[in-house]
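Working notes for the structure below.
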Amino acid sequence: MVKSGTIILNTAARLLMPLQLLFSVFLLLRGHDEPGGGFIAGLVAAGAFILYLFAFGVTATKEVLRMVDPRDLIGLGLLLGTLSILPAWFVGEAFFTAQWWEIPGIDFKASTPLIFDIGVYLAVLGTLLAAIMTLMEVDKDEP
């Protein structure tokens, strides 16, 4: 593992990354009716990975991502965002009408706005990671 930061940055990245990711999931799930949502949750998650990227470098961050290309996250996010508009159409309601489904046993209501927020989350996370990783790789190649 290539260490590009200081010991303080490395320690902070290791401690803060899981907390930031957990907080991003909290923001994502509370999103549609309260402050939060896919965009800000994606920014917080990207901040966690970018902090790790600054501390340990591009290669270590790609290992943490388990070889998931950030561009794949963008595509998956756009796909989920697009798919979230279809359930209302299939049940005969107006296009873009929110649909809610209760998940038995865990007292949780899934919805099309949540699916859309997850899509936004993944698109924002993928966009920021792709941009920053590309900039870091280009900077590494220059003399």
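For this chain, numbers begin at 1 and follow the sequence in order.
The neighbour count for Trp101 CH2, taken as heavy atoms of other residues, nucleotides or ligands under 6.0 Å away, is above 12.
Taking OH of Tyr52 as the reference point, atom CZ of Arg14 lies at 6.0 Å (rounded to 0.5 Å). Atom CG of residue Asp117 and atom CD1 of residue Ile40 lie 12.0 Å apart, to the nearest 0.5 angstrom. Between Leu128 atom CG and Leu53 atom CG the span is 12.0 Å, to the nearest 0.5 Å.
There is no path of hydrophobic side-chain contacts, each under 4.5 Å, that joins Leu22 to Leu16. Grouping the Ile, Leu, Val, Met, Phe, Trp and Tyr side chains by contacts below 4.5 angstrom, directly or via other members, places Ile50 with Met136. Linking ILVMFWY side-chain heavy atoms closer than 4.5 Å, directly or via other members, places Ile118 and Ile103 in a single hydrophobic cluster. Hydrophobic clustering places Ile115 together with Val25 (ILVMFWY residues linked when any side-chain heavy atoms are closer than 4.5 Å, directly or through intermediates). Under the 4.5 Å side-chain heavy-atom criterion for Ile, Leu, Val, Met, Phe, Trp and Tyr, Leu43 and Val120 are members of the same hydrophobic cluster.
At a threshold of 4.5 Å between non-hydrogen side-chain atoms, the residues Ile132 and Phe49 do not count as touching. Side-chain contact between Leu9 and Leu51: present, with at least one pair of heavy atoms (C-beta onward) separated by less than 4.5 Å. Side-chain atoms of Leu27 and Phe23, non-hydrogen and from C-beta on, do get closer than 4.5 Å to each other. Side-chain contact check for Phe116 versus Ser111: every heavy-atom pair is 4.5 Å or farther apart. Val64 places a side-chain heavy atom less than 4.5 Å from the side chain of Met17. With contacts defined as side-chain heavy-atom distances shorter than 4.5 Å, the pair Leu114/Leu29 qualifies.
In this structure, Gln99 and Pro113 approach most closely via the heavy-atom pair O-CD, 4.3 Å. In plain terms, the two heavy atoms of Pro18 and Leu15 that are nearest each other are CD-O, 3.6 Å. For the pair Ala130 and Pro70, the tightest heavy-atom approach, listed with the atom from each and the gap, is N-CB, 3.6 Å. Closest of all the heavy-atom pairs between Ala45 and Tyr121 is CB-OH, 3.3 Å. Listed here is the closest heavy atom pair of Ala98 and Thr112: CA-OG1, 3.3 Å. For Met133 against Leu65, the heavy-atom pair with the smallest separation is CE-CD1, 3.6 Å.
With Leu122 as the partner, the side chain to side chain contact (heavy atoms under 4.5 Å, CB included) test is satisfied by one option alone out of Thr127, Leu76, Asp72, Ile74: Leu76.
In terms of modelled atom types and a separation under 3.5 Å, the side chain of Ser24 and the main chain of Val44 share no donor-acceptor contact. Judged by distance alone, the side chain of Thr11 and the main-chain N or O of Ile8 form no donor-acceptor pair under 3.5 Å.
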